[in-house]
Amino acid sequence: MDRRTFLSGASIAAATVATACSQGQEGEVASPNVQTRRTRRLRMVTTWPANFPGLGTAADRVAEFCNTMSNGSLEVEVFAAGEIVGAFEAFDAVATGTADMYHAAEYYWQGKSPAFNFFTAVPFGMTATEIMAWVDFGGGQELWEELGREFGVVAFQAGNSGHQMGGWFKREINTLEDFRGLRMRIPGLGGNILRELGGAAVALSGGEIYPALQNGTIDATEWVGPWNDLAFGFYREAPYYYGPGFHEPGSALGLGINAGVWDGLDADHQAIIRAACRACNNMALGEYTHQNAIALNVLLNDHGVQLRSFSDEAWDRIGEIAEQVVADVANADPLSRRVYDSYIAARPRGPQVHRRVGPQPHPLRRHHRVVVGRVVDRFRSRA
Ligand code: CA
């Protein structure tokens with residue numbers, strides 16, 4: 001239908017409605033023949049505690065937007081970790097149809113494929129705006145869909161924590177030797193780096209971290225950033241707060257949907273879910289940026305937290321290890337190789353204006369030293 005045909009068709013429809021209204025019986029409002037739409041109910045499982053600031057609330061917000069924008073023809077119901085399935089079972093629940101969608105961080109599925117790491121964050125990798133650029137405009141979304149469909153899931157960005165902090169330490173980290181023997185809660189590829197430094201990476205879900213820090217099972221932990229870390233109270237057990245982190249420079253959250261459910265949705269419902277994810281993606285980054293600043297002041301001024309940053313020596317050594325750890329992902333399988341290649345190729349398209357000039361060994365390392373280096377400088381000026 002071309003535009004003119006559409007317009008004339010719309011005019012006829014409008015005229016018909018007007019006639020029908022004018023011919024209605026007294027006291028009655030005749031209405032056009034609108035077919036009642038069946039409500040599409042979707043169950044969303046998450047990897048977060050109920051209403052957890054920034055993470056759980058991002059999932060709630062996606063659902064709320066879907067339900068409102070669809071005028072109730074979508075009804076997305078959110079379940080916290082453990083209500084239907086445990087946090088790390090969310091992916092399988094959606095893939096098998098036990099639930100329709102999940103809100104999570106894709107690197108939790110690295111046991112399925114290490115390529116999932118790239119759709120959350122990798123050490124010395126992309127910042128929040130850079131991963132948005134790559135996924136939406138640099139070919140990332142297409143690769144993500146190819147990867148997800150291997151398991152029966154289609155996923156989109158639906159939140160971002162921004163640059164995460166390096167974590168909480170009971171003792172200061174002055175030299176690389178101080179990482180040796182360090183027992184630290186740090187997930188994913190960041191954990192691989194700690195092992196290379198001679199430390200022991202421990203995997204714990206959010207709720208398990210504080211007791212482990214308290215009873216000495218671990219010496220250090222990362223979680224997210226000031227807003228979320230203040231909520232867990234880590235400052236009471238580990239006074240040295242290092243930032244920024246090397247392991248998660250801009251962690252994306254993801255909304256995954258069962259591929260069959262997604263393919264069966266009406267086009268407007270698909271568009272509404274996509275729009276809700278995009279809106280929540282942007283809002284989460286703004287909210288984290290806003291709340292982190294407030295929470296960091298509370299930590300420093302009210303709780304006497306000692307702010308620190310890793311030394312240049314540590315950054316350089318960690319950068320070398322990060323290159324290798326991230327590159328190793330590409331060796332897992334052909335699709336992981338293509339995701340890695342796309343990610344690395346997209347990196348130099350970042351904000352060139354912020355980059356220093358000079359020979360650098362690897363795109364990831366060059367990126368981190370320049371873009372993230374500015375964050376380090378900012379933190380140091382406050383410490
Ligand atoms: Ca983290």
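For ligands, and for the atoms within them, numbers begin at 1 and follow the listed sequence. Because only heavy atoms are used, hydrogens play no part in the values below, and waters and symmetry mates are left out as well, while side chains stay in.
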- Message: Given 3.5 Å as the limit, does a donor-acceptor pair link the side chain of His103 with the main chain of Met44, or not?
- Response: no

- Query: Which hydrophobic side chains are connected to Leu285, either touching it within the sub-4.5 Å cutoff or through other members that do?
  - Reply: Met132

- Can you say whether the rings of Tyr242 and Phe310 are parallel (under 30°), tilted (30 to 60°) or perpendicular (over 60°)? parallel

- Among protein atoms, how many N/O/S atoms lie less than 3.0 Å from the Ca ion (ligand 1)? 5

- Query: Hey, which of Tyr107, Tyr108, Trp48, Trp109 is the one that makes ring pair (Phe, Tyr, Trp, His ring centres under 6.0 Å) with Phe88?
  - Reply: Tyr108

- Message: Between Thr120 and Asn117 (side chain of the first, backbone of the second, donor and acceptor by atom type, cut-off under 3.5 Å), is there such a pair?
- Response: no

- Thinking salt bridges, do Asp266 and Arg40 make one under a 4.0 Å N-O criterion? no

